[in-house]
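Below is one structure, written out as structure tokens; comments come after it.
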Amino acid sequence: MLQIDFLKNNKERVLNGLRVRNYSEKDLGIVDQILALDEKRRAIQTSLQQKLSERNAISKSIGELFKQGKTEEANNSRNKVTALKEEIAHLEGTLKEVKRALDDALLSVPNIPHESVPKGNTDEDNEIFKPYEGTLPALDENALPHWELAKKYDLFDLELGVKITGAGFPLYRKKGAKLQRALINFFLDEAEKAGFEEIIPPLMVNEDTARGTGQLPDKEGQMYHVTEDDLYLIPTAEVPLTNIYRNVILNEDDFPIKITGHTPCFRREAGSYGAHVRGLNRVHQFDKIEIVVIEHPDRSYERLQQMLKHVEGLLEKLELPYRILRLCGGDLGFTSALTFDFEVFSAAQKRWLEVSSVSNFETYQTNRMKLRFKEGKKTRLAHTLNGSALALARIFAALLENNQTPDGIVVPEALRPYTRFDIID
RNA sequence: GGAGGAGUGGCAGAGCGGUUGAAUGCACCGGUCUUGAAAACCGGCAUACUCGAGAGGGUAUCGGGGGUUCGAAUCCCUCCUCCUCCGCCA
């Protein structure tokens, strides 16, 4: 959620930012609506506070008068306050309404894109930030997509998932299960080497938490909701990890806070069907190692670059061909200011698969979460960043496809200490 | 799930209807003293909103929400969390 002061002082910047997100001139009216609501709120609040102040003063004097035995004067004052009370109740009512309208309006405005974010409507318009340098691996004609390979080597089973749960809940087995576990440990170890503290968070979160990172109110459809207890299954570890610091005031020397966690991720994503979502390309449950950083605002973009390097390192160790995209305004997530997507080339499907998304949210999440730090006497909002390092299902798919040989699927060197086998056959 | 108890500032802990944003201790920061440190002493030490050019005011916050009252940390309702005992259980 944007800060109202920022909006007030940088109106042009906000408007231009929304234009990058393809807001029409008509939709931009929301900004003026917000400013008007804020003005209204302040006016009401000021007069309310005056009345409250008056009430408090009189009430205080009543106590004094009773002590002195001046009952009559005390009763006079009492009547005065009774009259005030009505005004106060009325003002409180309108204040609440206006605040609510303001809040709703503010929540409906996405983050302002970083100046480097290109204009564009869809993922077609994303900028190739770092192209793949090399020749794309070419497999021979009868190379199999991962869902076929999975059948051939009995690595995962979607039909069994259907039986147990429903579509999109894969069941891994044999060397598939081992590879899965190897990847998890590999990614966690690499994150630890890079200075991230490993955390195993709860997989269900309450409403406040979901709101803090921006899953609510607008994206509730993407989360599984346990209505009986009003809890949400996490769509990513970002949610519980970042919310550790909800309502926290840090010291300046606490930065950077670097945490990581492996969790299953649950996504409802009212799905489409077809080749693009076959196999593990899009599932309702997948494992992911997430890295989360809470950083000083002056250093967050530097940190974002470091996070990119970390993810690059992982893909290089796994010997997967990748490229990095800078998302355009139209494809940029609601809460993000700048996002880089990593894509891995799947040789068998002959397409790029998104395997990681690394973003700087600036103060958008921290404003909702009230995550601040002390800067001298004042408090200031911190920046949050996060990235997948990495998401398993698609990496798993790409590994199977790209490394297939007539003899089996070759495990990349870096992973062998974890799998304890060299080949899947 | 049943029965009881409790939630106050960074921590400990008073207050249980009236100048209490909240005693006191500890922690922390600044100062005096000291060659330096400790001790001692003095001072400071929440957050948000709001008015004001500023100095400085005001409002709200004692787990959350609602209510009673001229006035609530104090009384009532409700929710949440924690503790003790019983039951169930990996």
Side-chain angles (χ1 to χ4, degrees), chain A residues 1-9 34-107 200-212 216-217 226-232 240 243-254 257 264 363-382:
Chain A
M1 168 161 84
L2 293 179
Q3 296 164 82
I4 190 83
D5 281 344
F6 177 83
L7 214 144
K8 239 189 290 185
N9 299 325
I34 288 173
L35 292 176
L37 278 169
D38 182 56
E39 206 143 303
K40 199 167 162 194
R41 188 207 104 227
R42 290 210 317 278
I44 295 168
Q45 187 164 330
T46 304
S47 60
L48 170 63
Q49 291 185 347
Q50 269 166 15
K51 302 281 177 211
L52 284 171
S53 174
E54 234 175 287
R55 183 203 70 185
N56 288 347
I58 299 175
S59 289
K60 210 179 255 183
S61 75
I62 291 175
E64 209 53 43
L65 290 171
F66 271 124
K67 263 189 210 158
Q68 291 167 14
K70 297 178 181 167
T71 320
E72 200 178 318
E73 279 181 57
N75 281 328
N76 273 342
S77 297
R78 240 208 268 222
N79 293 336
K80 252 198 263 178
V81 178
T82 310
L84 263 179
K85 258 177 77 169
E86 256 176 69
E87 293 182 63
I88 288 173
H90 175 73
L91 282 171
E92 274 174 344
T94 22
L95 182 63
K96 215 173 184 174
E97 270 170 47
V98 172
K99 264 188 168 167
R100 165 139 200 178
L102 178 61
D103 221 42
D104 286 350
L106 226 36
L107 281 170
I200 303 180
L203 305 181
M204 291 199 211
V205 296
N206 59 32
E207 197 178 308
D208 285 346
T209 296
R211 194 175 295 276
L216 293 179
V226 182
T227 49
E228 180 89 14
D229 299 286
D230 204 14
L231 296 172
Y232 296 87
N243 272 279
I244 293 172
Y245 294 93
R246 175 156 44 88
N247 271 317
V248 167
I249 300 177
L250 298 164
N251 292 314
E252 227 170 319
D253 54 17
D254 290 333
I257 289 172
T363 59
Y364 197 86
Q365 293 182 327
T366 55
N367 188 36
R368 281 198 193 182
M369 276 195 292
K370 302 279 168 273
L371 163 49
R372 293 156 292 174
F373 67 99
K374 279 247 172 251
E375 192 175 57
K377 275 230 142 214
K378 297 214 173 246
T379 59
R380 192 174 158 192
L381 293 173

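Below, chains carry the letters A, B, ... as their sequence lines are ordered, and counting in each starts from 1.
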Given atom [atom1] of [X] and atom [atom2] of [N], what is their separation to the nearest angstrom?
| X | N | atom1 | atom2 | result |
| --- | --- | --- | --- | --- |
| A:Asp208 | B:G63 | CG | P | 18 Å |
| A:Lys80 | B:G71 | NZ | P | 15 Å |
| A:Glu207 | B:G64 | CD | C1' | 13 Å |
| A:Glu54 | B:U59 | CD | P | 11 Å |
| A:Gln49 | B:U61 | CD | P | 12 Å |
| A:Asn367 | B:A48 | CG | P | 12 Å |
| A:Gln45 | B:G58 | CD | P | 16 Å |
| A:Glu39 | B:C51 | CD | P | 10 Å |

Base partner of [N], which must satisfy Watson-Crick or wobble distances under 3.5 Å:
| N | value |
| --- | --- |
| B:U84 | B:A3 |
| B:G36 | none |
| B:G21 | none |
| B:G43 | B:C29 |
| B:A72 | none |
| B:U59 | B:A48 |

Using the [atom1] atom on both, measure [N] against [M] and round to a whole Å.
| N | M | atom1 | result |
| --- | --- | --- | --- |
| B:G25 | B:C42 | P | 10 Å |
| B:U8 | B:G4 | C1' | 23 Å |
| B:A73 | B:G67 | P | 15 Å |
| B:G71 | B:A55 | C1' | 32 Å |
| B:A23 | B:A38 | C1' | 29 Å |
| B:A60 | B:G66 | P | 14 Å |
| B:A6 | B:U19 | P | 25 Å |
| B:C75 | B:C83 | C1' | 25 Å |

I want to verify a distance call: between B:C70, B:U19, B:C51, whose nearest atom is closest to the A:Arg42 side chain? B:C51

Counting only side-chain heavy atoms from C-beta out, which of B:C51, B:A48, B:U59 sits nearest to A:Ser53? B:U59

Does [N] have OP1 or OP2 sitting under 4.0 Å from an N or O in the side chain of [X]?
| X | N | answer |
| --- | --- | --- |
| A:Asn206 | B:C80 | no |
| A:Thr379 | B:A48 | yes |
| A:Lys51 | B:U50 | no |
| A:Arg41 | B:U50 | yes |
| A:Thr82 | B:C70 | no |

Closest-nucleotide mapping onto RNA chain B: is A:Ala57 or A:Gly63 further toward the 5' terminus? I mean the 5' end. A:Gly63

Which residue, A:Lys96 or A:Asn79, contacts RNA chain B at a nucleotide closer to its 5' end, judged by nearest heavy atom? A:Lys96

Take atom NZ of A:Lys8 as the centre, draw a 6.0 Å sphere, and report whether it contains more than 12 heavy atoms from other residues, nucleotides or ligands. yes

Is it the case that more than 12 heavy atoms not belonging to A:Lys370 sit under 6.0 Å from its NZ atom? yes

Report which part of the nucleic acid [X] touches: base, sugar-phosphate, or nothing (heavy-atom distance under 4.0 Å, all strands).
| X | answer |
| --- | --- |
| A:Ile249 | sugar-phosphate |
| A:Asn56 | sugar-phosphate |
| A:Leu52 | sugar-phosphate |
| A:Ser77 | nothing |

Using side-chain heavy atoms (C-beta onward) and a distance below 4.5 Å, is A:Leu102 in contact with A:Ile34? yes

Hey, does A:Gln49 have a side-chain heavy atom less than 4.5 Å from the side chain of A:Gln45? yes

Any chance you could lay out the side-chain contact (heavy atoms from CB on, under 4.5 Å) test for A:Asp230 and A:Asn206, step after step, and finish with the verdict? CA-CA 7 Å; A:Asp230 204 14; A:Asn206 59 32; over 6 Å; no

Check the pair A:Leu37, A:Arg41 against side-chain contact (heavy atoms from CB on, under 4.5 Å), reporting the backbone distance first and the verdict last. CA-CA 6 Å; A:Leu37 278 169; A:Arg41 188 207 104 227; over 6 Å; no

Can you give me the closest heavy-atom contact between [X] and [Y], atom names plus distance?
| X | Y | result |
| --- | --- | --- |
| A:Tyr232 | A:Glu207 | CE1-CA, 4.3 Å |
| A:Ser77 | A:Ile62 | CB-CG1, 3.6 Å |
| A:Tyr364 | A:Leu2 | CE1-N, 3.8 Å |

Run the numbers on A:Tyr245 and A:Leu250 for side-chain contact (heavy atoms from CB on, under 4.5 Å), then give the verdict. CA-CA 9 Å; A:Tyr245 294 93; A:Leu250 298 164; 4.1 Å; yes

State which residues pass side-chain contact (heavy atoms from CB on, under 4.5 Å) with A:Pro264; sequence neighbours excluded, sorted by chain then number. A:Leu203, A:Phe266, A:Gln285, A:Asp287

Would the distance check show the side chain of A:Arg368 and the main-chain N or O of A:Arg211 forming a donor-acceptor pair, the cut-off being under 3.5 Å? yes

Ionic contact status for A:Asp103 with A:Lys99, cut-off 4.0 Å: no

Nucleotide N/O of nucleotides 72-77 of chain B paired with protein N/O under 3.5 Å:
none

Return the residues of residues 85-93 of chain A meeting this criterion: a heavy atom under 4.0 Å from some atom of RNA chain B. Order them by number, or give none. A:Lys85

